[in-house]
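Reviewing the structure listed below.
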Amino acid sequence: MPELPEVETLRRELERVLVGQIIKTGKVFWPGTVAPLSSSAFVKKLSGQKITAIRRRAKILLLSLSPSQLTLAIHLKLTGQLVYHPLQPPQRGRDNSPLLRGGARGGVVIGGHPEDPTKHTRAIFHFTDGSQLYFNDLRKFGWLKLLSSNSKEGLLARLGREPLSKEFGWETFKTILQRYPNRRLKQTLLDQTLIAGLGNIYVDESCFATRVMPDRRVKKLTDSEIKKLHRAIQRILKLAIREGGTSARNYVRSDGRPGGFVPYLKVYGRTGKPCKNCRAPITKVKLLGRGTHFCPQCQK
DNA sequence: CACTTGACCTGTCCGC
DNA sequence: TGCGGACAGGTCAAGT
């Protein structure tokens with residue numbers, strides 16, 4: 001679920017609160033999340049490191065660390081979350097009763113943090129100012145990797161164009177599409193080695209906005225449709241970023257609140273509901289092994 | 001090359 | 001109520 005707009009939303013939010021922070025320590029609850037390093041090696045390498053920058057490439061977050069010069073790469077895959085808990089200032093008055101400290105289930109932890117790890121918390125980072133970053137991941141597909149400069153290059157080498165970059169003009173987009181003329185449009189749009197950052201939601205939405213069926217052979221697209229699709233992809237991604245992403249299922253922003261793009265969805269997750277353009281019921285089929293939503297009347 | 005299946009996982013939902 | 005199965009959908013590997 002986290003696609004480019006969701007990861008970019010997190011990048012912007014975390015950049016504000018994490019750059020300059022020093023990692024005091026960490027805890028790993030599911031070793032697979034940090035493989036191939038052991039949990040202890042992972043924590044040891046991170047401890048004492050300062051976060052100097054947070055970038056994004058495709059759906060990957062890249063945290064630059066100093067002085068090690070390593071990069072912490074984070075992929076949320078389907079259900080990953082990064083939730084930041086700022087330090088809660090100690091409170092006074094009756095709420096400060098020791099009885100509430102680390103108290104019973106549902107109790108507030110005064111001067112601590114709003115939540116204990118959930119059963120889906122796979123790792124926690126503790127910063128020297130007392131704040132924490134939780135990595136939650138229901139399905140355990142997400143990962144955290146500590147990379148040298150070389151291994152980082154290796155990881156990023158195969159990724160295609162950033163769809164919101166200056167280099168992604170419509171002519172470039174056309175060239176990319178023509179690379180595999182016999183493919184279905186959806187397959188090329190999802191191919192991270194060609195275009196980096198689109199996922200199932202924004203592909204279906206972009207196809208609807210262009211009034212094109214996702215299973216169209218790429219070579220059958222007209223120039224006018226390619227231009228329209230190019231504009232639609234950029235417009236939808238930008239709007240979704242502005243809205244903080246799409247919380248269709250698990251995704252939340254770094255403060256735990258959902259993104260605001262769901263009301264803008266025209267086809268994704270609207271199976272059987274009337275098309276917002278023509279009232280025909282939105283149809284869902286399986287294409288390339290993925291749930292694929294479209295309007296049978298509007299899209300050709 | 002196009003396309004499918006399975007693997008990695010756990011939760012929700014639906015029909016019986 | 002529980003139980004089995006489909007489904008969610010990012011990515012890669014392996015097979016047809």
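Note on naming: letters A, B, ... go to the chains in the order of the sequence lines (proteins, then strands), and numbering restarts at 1 for each one.
- If you take CZ of R57(A) and P of dT11(C), they are 12 Å apart, rounded to a whole angstrom.
- Residues D204(A) and K266(A) are not paired through a salt bridge, judged by the lack of any N-O separation under 4.0 Å between the basic side chain and the carboxylate.
- Residue ring and base: F141(A) counts as stacked with dC8(B) (centre distance below 5.5 Å, interplanar angle below 30°).
- Atom NZ of K77(A) has more than 12 heavy atoms from other residues, nucleotides or ligands within 6.0 Å.
- Candidate nucleotides dC3(B), dC9(B), dG10(C) were compared by shortest atom distance to the side chain of K140(A), and dC9(B) ranks first.
- The interatomic distance linking L265(A) (CG) with dG9(C) (C1') rounds to 15 Å, in whole Å.
- Following rounding to the nearest Å, R56(A) (CZ) and dG10(C) (C1') show an atom-to-atom distance of 15 Å.
- Atom C1' of nucleotide dG10(C) and atom NZ of K145(A) are separated by 13 Å, given to the nearest angstrom.
- The main-chain N or O of L159(A) is found under 3.5 Å from a side-chain atom of R57(A) such that the two form a donor-acceptor pair.
- Taking only side-chain nitrogens and oxygens, K59(A) comes nearer than 4.0 Å to OP1 or OP2 of dT11(C).
- As rounded to whole Å, 14 Å separates atom P of dA2(B) from atom CG of L287(A).
- Within the shown strands, dT11(C) is the pairing partner of dA7(B) under the Watson-Crick or G-U definition, both distances less than 3.5 Å.
- Each of R184(A) and W30(A) lies near DNA chain B, and the nucleotide nearest R184(A) is the one positioned closer to the 5' end.
- Note: F173(A) and F168(A) have tilted aromatic rings, judged against thresholds of 30 and 60 degrees for the angle between ring planes.
- By the 4.5 Å heavy-atom criterion applied to side chains, V218(A) and R184(A) are not counted as neighbours.
- Side-chain nitrogen and oxygen atoms of R290(A) include none within less than 4.0 Å of the OP1 or OP2 phosphate oxygen of dT5(B).
- Across all strands, R158(A) comes closer than 4.0 Å to no nucleic acid atom at all (heavy-atom distances).
- Spacing of P atoms, dA2(B) relative to dG9(C), comes out at 24 Å, to the nearest Å.
- The distance between atom CG of L288(A) and atom P of dA2(B), rounded to the nearest whole Å, is 11 Å.
- When atom types are taken as modelled, the side chain of Q132(A) and the backbone of G26(A) share no donor-acceptor pair closer than 3.5 angstrom.
- Atom pair E3(A):CD and dG9(C):P shows a separation of 9 Å (rounding to whole Å applied).
- Between H75(A) and dT11(C) there is a side-chain polar atom (N or O) within less than 4.0 angstrom of OP1 or OP2.
- For H120(A), no side-chain nitrogen or oxygen approaches OP1 or OP2 of dC9(B) to under 4.0 Å.
- Nucleotides dA13(C) and dT10(B), compared at atom P, are 22 Å apart to the nearest Å.
- I201(A) comes within 4.0 angstrom of no nucleic acid atom, judged by non-hydrogen atoms across all strands.
- If you take atom P in dC9(B) and the same atom in dG2(C), they sit 28 Å apart, rounded to whole Å.
- The same atom, P, is picked in dC8(B) and in dC3(C); the two are 25 Å apart, to the nearest Å.
- Taking only side-chain nitrogens and oxygens, R139(A) never comes nearer than 4.0 Å to OP1 or OP2 of dG11(B).
- When the P atom of dG10(C) is taken as reference, atom CG of D137(A) falls 13 Å away, rounded to whole Å.
- Closest contact between the side chain of Q187(A) and the listed nucleotides dG9(C), dT11(C), dC3(B) involves dC3(B).
- K77(A) comes within 4.0 angstrom of a base, heavy atoms only.
- The side-chain tip of R249(A) does not point at the ring of Y251(A) from less than 6.0 angstrom away and within 45° of straight on.
- Nearest to the side-chain atoms of Y180(A) among the listed nucleotides dA2(B), dT11(C), dG9(C) stands dA2(B).
- For dT10(B), neither phosphate oxygen OP1 nor OP2 lies less than 4.0 angstrom from any side-chain nitrogen or oxygen of K119(A).
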